[in-house]
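Below is one structure, written out as structure tokens; the observations come after it.
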Amino acid sequence: MPMEMGNETTVQEFILEGFPAVQHLGKVLFLVHLLAYLASMAGNAVIITITCIDSRLHTPMYFLISVFSFIECCCTTTVIPKLLVIYLLGRQTISFVACFIQFFVFVSMGASGFILLSLMSLDRYVAICKPLHYPTIMNMKTCLFLITTCFTLGFSVITVVVVKVSQLSFCGPHVIPHFFCDMAPLIHLSCSDTRSVETMTFVLGLILFSTSLIITIIAYSNIVVTIIRLPSAKERQKAFSTCSSHLIVLSLMYGSCAFIHVKPKQTNRLESNREAALVNTVVTPLLNPVIYTLRNKQVHQALREKMCRIKIS
């Protein structure tokens, strides 16, 4: 609702439009998204739990994967519960403060996730290209340092963006053509001059995205060269299998986020951005546990042993 302040109207809450074209299917979409949300949360929770309780999985690779699962849980939980409320009850309003908290948590976790993906590429590079030095280079102390750096960079960059966007004037309209408070629709609704903010967010996003992508490309270029030089087909297949899941996740993340964010003007493509954002918030977190870890033999073995112990007890 707008509130009068002198000669200016200040927005106190926003309305999340959601997906108006399919709003008549609210209860069906509620059930579909609820099941997808619960499945993704359960899958990622299993990854985090089994990594913590099984000592054989106390390695840098699984530690990084479990942190990535934690990020996925945070991103999904920040967005999907409100979407479920919209579908089931039609309650589309969100307060100004809640909107920017949602914006901050989602984008900060997303930025940290991109940095983490590049770190995971480096982990695979060291494991395949420098196997003898891997235990020395990628120890748990190094992992903790990298994870701390990852979140520090992600949250620092996004804090600057969120503060700048929150300082814009919002004097109406207050309908966000999206299912959550994202950067592009918020900037689009502002009645301030947003050119400087758009430029800053575009530059910061491009630096973050391109740096992560360049690190990943360099790491995997070296990995491919190393794999090709392996003497036997069995060794090449084994080395490639350790990277295949990561490459699938990279393709999903980079593809959808490039489509959404890496362009200075997004006002004419908000409708298509909604569908791409839905991939990032529903589909990708649902697929990640399956394609990334749950198909892994070590994880399968650990899960089977834990389930057998539960049955015996």
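FYI, side chains are in, hydrogens and waters are out, and symmetry mates aren't considered; it's all heavy atoms of this structure.
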Task: Any side-chain heavy-atom pair of Tyr220 and Arg124 under 4.5 Å - done: yes
Task: Within 6.0 angstrom of Arg91 CZ, more than 12 heavy atoms from elsewhere - done: no
Task: Cluster check Leu29, Leu286: I/L/V/M/F/W/Y, side chain < 4.5 angstrom - done: no
Open item on the list: Whether the side chain of Thr78 engages the backbone of Cys74 through a donor-acceptor N/O pair (distance < 3.5 Å, no angle test) should be reported.
Closed with: yes
Task: Hydrophobic cluster identity match, Ile215 and Leu146, side-chain contacts under 4.5 Å - done: yes
Open item on the list: Test your reading of the model: is there a side-chain donor-acceptor pair from Ser212 to the backbone of Leu208, 3.5 Å cut-off?
Closed with: no
- [ ] On the 0 to 90° scale, with breaks at 30° and 60°, tag the Tyr87-His33 ring pair as parallel, tilted or perpendicular.
- [x] tilted
- [ ] Mind telling me whether Phe151 and Phe70 have parallel, tilted or perpendicular rings, with 30° and 60° as the class edges?
- [x] perpendicular
Task: Heavy-atom donor-acceptor pair, Ser192 side chain to Ser169 backbone, under 3.5 Å - done: yes
Open item on the list: Checking the side chain of Asn222 only, and the main-chain atoms of Ala219 only, is there a donor and an acceptor separated by less than 3.5 Å?
Closed with: no
- [ ] Say whether, by atom type as modelled, one donor and one acceptor occur between the side chain of Ser166 and the main chain of Val163 under 3.5 angstrom.
- [x] yes
TODO: Taking the side chain as every heavy atom from C-beta outward, state whether Val161 and Val107 have any atom pair closer than 4.5 Å.
DONE: no
Open item on the list: Looking at Ser108 and Val105, would you say the former's side chain and the latter's main chain have a donor-acceptor pair under 3.5 Å?
Closed with: no
- [ ] Taking His178 for its side chain and Gly18 for its backbone only, find out whether a donor-acceptor pair lies under 3.5 Å.
- [x] no
Open item on the list: With clusters defined by side-chain heavy atoms of hydrophobic residues (ILVMFWY) lying less than 4.5 Å apart, directly or transitively, does Val282 cluster with Leu88?
Closed with: yes
Open item on the list: Strictly distance-based, threshold 3.5 Å: is any side-chain N or O of Ser95 a donor or acceptor partner for the main-chain N or O of Ala98?
Closed with: yes
Open item on the list: Around atom NE2 of His133, are there more than 12 heavy atoms from other residues, nucleotides or ligands closer than 6.0 Å?
Closed with: no
Open item on the list: Taking the six-membered ring for Trp, are Phe104 and Phe155 closer than 6.0 Å centroid to centroid?
Closed with: yes
Open item on the list: Between Phe30 and Leu278, is there shared hydrophobic-cluster membership here, with clusters defined by ILVMFWY side-chain heavy atoms closer than 4.5 Å?
Closed with: yes
TODO: Would you name the heavy atoms of Phe106 and Cys75 that are closest together and state the gap between them?
DONE: CD1-O, 3.7 Å
- [ ] Could you tell me whether the side chain of Pro60 reaches within less than 4.5 Å of the side chain of Tyr134, counting heavy atoms only?
- [x] yes
Open item on the list: Quick check on the hydrophobic clustering: are Leu89 and Ile80 connected, directly or via other members, by side-chain heavy-atom contacts under 4.5 Å?
Closed with: yes
